[in-house]
Amino acid sequence: MATVRVQAEPFDAATEVREITRGRPDIGAVVTFTGLCRDEGGTLAALELEHYPGMAEAEIARVAAEAEARWPITGLTAIHRFGKIAPGDDIVLVVAASAHRAAAFEAAEFLMDFLKTRAPFWKKEHRLDGTAGDWVEAKDADDAATVRWRKDG
Amino acid sequence: MATVRVQAEPFDAATEVREITRGRPDIGAVVTFTGLCRDEGGTLAALELEHYPGMAEAEIARVAAEAEARWPITGLTAIHRFGKIAPGDDIVLVVAASAHRAAAFEAAEFLMDFLKTRAPFWKKEHRLDGTAGDWVEAKDADDAATVRWRKDG
Amino acid sequence: MSELNLRYFAWVRERIGTSQESIELPGNVATVADLLGWLKTRGPEYEHAFEQADVIRTAIDQTHVPHETPLAGAREVAFFPPMTGG
Amino acid sequence: MSELNLRYFAWVRERIGTSQESIELPGNVATVADLLGWLKTRGPEYEHAFEQADVIRTAIDQTHVPHETPLAGAREVAFFPPMTGG
């Protein structure tokens, strides 16, 4: 059963890895993915992350359950922040653990690909020059990234 | 230029991630891979990792340089331990950072796949029952894992 | 007629000017697409929010659904742009 | 004849009973494969270490090389089983 959290507070990857690996000497591989707020060439003051409370957790949990059904993973954690996030700060964390590396890598990538296209979060940019920020546009590349996981593909 | 270290001492993933991301607000994605010593169903007392000093560092650095040439990565670290390692303890760490997640994931996987088949390390098992340990056998699956990275494939 | 909670997010919310509201569902509104069409008649802010109906994503009771989904039994319907989290 | 440093790792090292040695290379030993064949004539421990020559990996001056590689210019040649790190 995956650990899923949606929170304003920062997270600590090392703590989450410890939670997953403690007392589990059958784990041979741990993959973490951390998504950070880029400064967009020094133009960005902050990202503001809006989310749909309740559905955000539920949707990430659904994707995590799919990953757990698909790969022999021993531990899976996904944490997504909301609110104002400064450049260089963390936005999202995925931790996947397994006996072997391929499952850990694939589960983490799968979770990130679907989290990006299915979890109800929206990013708005606040610019350093004070101009009204734009909503970040969804990228076709993110939809394309989910296609490779089709089992009938 | 990648950071490559071969050492007996434990490493700290969080420290290595900080080294790579500090002062780099163009980084949007950090992937870490940690390989741990499994207890093999409670039968293993320790793994003993032998290596070829000098060549181990050189070979990992060659693989890292290939990854840096192939993906737009902003930071790459690989640390491999040698000596006696207890179940649950870390063996290897790879950290890959990039503006976007695909490059970070792929560079980390590529580095691990080739590190496993090219870096001169050998694992010997020490069993809890005191019997002489066997040398771990190389797996065909590890060779197979490198084939997918062929550019002409 | 049944009471329905509507939620709007991101630029859909900004354009409409509210994050949620309760409505009495008109009898001739059967699907999410019907609801979208009906909302567009409620004023220029709704018209603006939903002018490109095909990019609007929808959820019923916190689960993604396509526009042709019937509203029967729904308590909460949400409208939002494509997600950009992660 | 030239002086060559030989290094052995893992079960190759265990079977031979030493981790490195210096040898004077016989004149008729031109490639890594020649060297492997010559080493096998040096005693049962070498015979045992190299009985399956095709699984033995080799490096010249700390770079992987195939068995047919000439030894000309080599200072250090290493013999070892397939790697199992990571």
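Computed over heavy atoms, backbone and side chain alike; hydrogens, waters and symmetry mates excluded.
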From CA spacing to verdict: side-chain contact (heavy atoms from CB on, under 4.5 Å), A/D142, B/R101: CA-CA 10 Å; A/D142 287 329; B/R101 75 187 184 287; 3.1 Å; yes
Contact listing (chain B partner; residues 33-57 of chain A; heavy atom under 4.5 Å):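 Residues A/F33, A/T34, A/G35, A/L36, A/C37, A/R38, A/D39 are the ones that qualify, each having a heavy atom under 4.5 Å from chain B.
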Report the option among [options] that has the most heavy-atom pairs separated by less than 4.5 Å from atoms of chain A.
options	answer
B/A29, B/A14, B/A97	B/A29
B/T21, B/D12, B/D26	B/D26
B/A96, B/G23, B/A99	B/A99

Counterpart residues, side chain to side chain donor-acceptor pair (under 3.5 Å), relative to B/R148 (two or more places apart): B/E109, B/D113
Max heavy-atom pair count under 4.5 Å with chain B, selected residue of A/A104, A/G28, A/G88: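 Option with the top pair count is A/G28.
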Any residue of residues 58-85 of chain B which, by heavy atoms, sits under 4.5 Å from chain A: none
Heavy-atom proximity to chain A below 4.5 Å, by part of B/A13: neither
Region of B/A108 that comes under 4.5 Å of a non-hydrogen atom in chain A: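 B/A108 touches chain A through backbone and side-chain heavy atoms alike.
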Proximal component of A/A145, with respect to chain B [non-hydrogen, under 4.5 Å]: side chain
Pairwise side chain to side chain donor-acceptor pair (under 3.5 Å) hits with a residue in residues 88-100 of chain A, at least two apart: none
Worked verdict on A/T32 versus B/V31 for side-chain contact (heavy atoms from CB on, under 4.5 Å): CA-CA 6 Å; A/T32 75; B/V31 170; over 6 Å; no
